[in-house]
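Everything numeric here is computed off the predicted structure, so don't read it as measured data.
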Amino acid sequence: MDNVLSFKRGRLPLLISMPHPGILLTPAVEAGLVEEAKERPDTDWHIPLLYDFADELGASTLEACYSRYVIDLNRPEDDAPLYTSATTGLYPASLFDGEPLYRAGMAPSTEERARYLAEIWRPYHQTLADELARLKTEFGYALLFDAHSIRSSVPLLFDGLLPDFNLGSNAGASCDPQLSERLLAVCANAKDYSHVLNGRFKGGHITRHYGQPQAHVHAVQLELAQCTYMEEQLPFDYRQDLAEPTQEVIRGLLEAMLAWGRERYGR
């Protein structure tokens, strides 16, 4: 498959992973989707645009091009459950509102899905792993920021409204606790936004698998409420007026990660 991912190498020990902004569909997936799903409502909309300062910052970026409806890059290869509460799997079968993703009998075949695993999931994770290894070799450590967004209200997944900034460190296992404290301080200073650490979103497969602080790889997930930068309903427009102050907070989080890394490791 072509156009599976977009990768840009930076100059600092930080990789920003964006596994869910893609909207490409395979013919088999597109042919089977229910009408509502064709609008890709569960996409992490505009995330590359929201992080468009990454090059200036000096971070590496990795962006998925295919929709999570084809295969979810933030789920493990064996599709082992990550949460005890409602969620979607490696090959999603439902929308976030609980409705079926496919018309009856129209989901891709087992053979077709095996191709998605080999040609979409594995290249993304190989690129991610290779870049973290390169950063660790060059700097002695690596920082991974897994960038996500979601509608602020998804009753199937969580009660009420989601906080604006949802940081996840796999309950403290994916990064040094002092780094988490730095990030919480940035959020606390952003008085116009609410935040939480390890609330409903503790980090998916990427955060849990690659975050190994004992091996000097520190991973954090941000699940951002989409109301902070876009319209949450069709046509899912980007709102520059909302996005600019939100970007300032995100940039502050990334700068805090880099500052912590320099202090902790001396480079």
Nearest-0.5 Å distance that lies between atom [atom1] in [X] and atom [atom2] in [Y]:
{"X": "F7", "Y": "L128", "atom1": "CZ", "atom2": "CG", "result": "9.0 Å"}
{"X": "C175", "Y": "Q221", "atom1": "SG", "atom2": "CD", "result": "12.0 Å"}
{"X": "L144", "Y": "L135", "atom1": "CG", "atom2": "CG", "result": "9.5 Å"}
{"X": "L14", "Y": "F139", "atom1": "CG", "atom2": "CZ", "result": "10.0 Å"}
{"X": "T246", "Y": "Y229", "atom1": "OG1", "atom2": "OH", "result": "9.5 Å"}
{"X": "L33", "Y": "E39", "atom1": "CG", "atom2": "CD", "result": "11.0 Å"}

Looking at residues at least two apart in the chain, or sitting in another chain, which of them share a salt bridge (Lys or Arg N to Asp or Glu O under 4.0 Å) with [X]?
{"X": "D97", "result": "none"}
{"X": "E56", "result": "R251"}
{"X": "E119", "result": "R115"}
{"X": "R239", "result": "E231, D241"}

With sequence neighbours excluded, residues passing ring pair (Phe, Tyr, Trp, His ring centres under 6.0 Å) with Y141: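 Result, ring pair (Phe, Tyr, Trp, His ring centres under 6.0 Å) vs Y141: Y265.
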Ring pair (Phe, Tyr, Trp, His ring centres under 6.0 Å) partners for F53, two or more places apart: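 Partners of F53 under the ring pair (Phe, Tyr, Trp, His ring centres under 6.0 Å) test: none.
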Side-chain donor/acceptor of S174 to backbone N/O of A219, under 3.5 Å: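 Yes, the answer is positive, given that a donor and an acceptor are paired below the 3.5 Å cut-off.
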Where at least one partner belongs to residues 125-136, residue pairs that pass salt bridge (Lys or Arg N to Asp or Glu O under 4.0 Å), sequence neighbours excluded: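 For residues 125-136: R9-E131, E131-R134, R134-E138.
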Of all heavy-atom pairs between [X] and [Y], which one has the smallest distance, and what is that distance?
{"X": "G89", "Y": "D72", "result": "O-CB, 3.6 Å"}
{"X": "V34", "Y": "R103", "result": "CG1-N, 3.7 Å"}
{"X": "C187", "Y": "H195", "result": "CB-CG, 3.4 Å"}
{"X": "C65", "Y": "S6", "result": "SG-N, 4.2 Å"}
{"X": "V220", "Y": "T207", "result": "C-OG1, 4.2 Å"}
{"X": "F201", "Y": "L162", "result": "CE1-CD1, 3.6 Å"}

Electrostatic pair R122:E77 at N-O distance under 4.0 angstrom: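 Judged by the 4.0 Å cut-off on N to carboxylate O distance, R122 and E77 do form a salt bridge.
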Do the side chains of [X] and [Y] join up, straight or via other hydrophobic residues, at under 4.5 Å, putting them in one cluster?
{"X": "L12", "Y": "L132", "answer": "yes"}
{"X": "L25", "Y": "L90", "answer": "yes"}
{"X": "Y116", "Y": "L24", "answer": "yes"}

Neighbour count above 12 (heavy atom, 6.0 Å) for Q178 CD: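 Incorrect, the count does not exceed 12.
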Heavy atoms from other residues, nucleotides or ligands near CD of Q214 exceed 12 (cutoff 6.0 Å):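 Yes, because the 6.0 Å sphere around CD of Q214 holds more than 12 heavy atoms from other groups.
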Residues in side-chain contact (heavy atoms from CB on, under 4.5 Å) contact with H125, at least two apart in sequence or another chain: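 side-chain contact (heavy atoms from CB on, under 4.5 Å) list for H125, sorted by chain: L73, W121, H205, I206, Y210.
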Under the side-chain contact (heavy atoms from CB on, under 4.5 Å) test, residues paired with S109 that sit two or more places apart: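 With neighbours one apart ignored, the set is E111, E112.
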Residue pair I16 / L62, side-chain heavy-atom distance below 4.5 Å: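 Heavy-atom side-chain distance check fails, nothing below 4.5 Å.
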Close side-chain approach of L224 and I250, heavy atoms under 4.5 Å: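 Yes; the side chains approach each other to less than 4.5 Å.
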Test side-chain contact (heavy atoms from CB on, under 4.5 Å) applied to E63 and L5, step by step: CA-CA 6 Å; E63 171 191 344; L5 58 85; over 6 Å; no
Side-chain H-bond candidate by donor/acceptor type, S17 with Y124, under 3.5 Å: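 The criterion, which ignores hydrogens and geometry beyond distance, is satisfied for Y124 and S17.
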S152 side chain to E232 side chain, donor-acceptor N/O pair below 3.5 angstrom: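 The answer is yes; a qualifying pair exists.
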Residue pairs fulfilling side chain to side chain donor-acceptor pair (under 3.5 Å) with at least one residue in residues 181-190, sequence neighbours excluded: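 For residues 181-190: R182-E263.
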Donor-acceptor contacts, no H, no angles, side chain residues 40-52, under 3.5 Å, sequence neighbours left out:
unit_1	atom_1	unit_2	atom_2	d
R40	NE	I23	O	3.1
R40	NH1	K38	O	2.7
R40	NH2	I23	O	2.9
D42	OD1	R151	NH1	3.3
D42	OD2	Y69	OH	3.0
D42	OD2	F96	N	3.0
T43	OG1	R40	O	2.8
D44	OD2	H148	ND1	3.4
D44	OD2	S149	N	3.2
H46	NE2	F236	O	2.6
D52	OD1	Q247	NE2	3.2

Can you give the donor-acceptor pairs under 3.5 Å from side chains of residues 163-172 to other protein atoms, not counting sequence neighbours?
unit_1	atom_1	unit_2	atom_2	d
D164	OD2	S194	N	2.9
D164	OD2	S194	OG	3.4
N166	ND2	P163	O	2.7
N166	ND2	E223	O	3.0
S169	OG	G172	N	3.1
S169	OG	N198	ND2	3.0

side-chain contact (heavy atoms from CB on, under 4.5 Å) between Y91 and V70, worked out: CA-CA 7 Å; Y91 304 106; V70 177; over 6 Å; no
Test side-chain contact (heavy atoms from CB on, under 4.5 Å) applied to T228 and Y193, step by step: CA-CA 9 Å; T228 63; Y193 299 93; 4.2 Å; yes
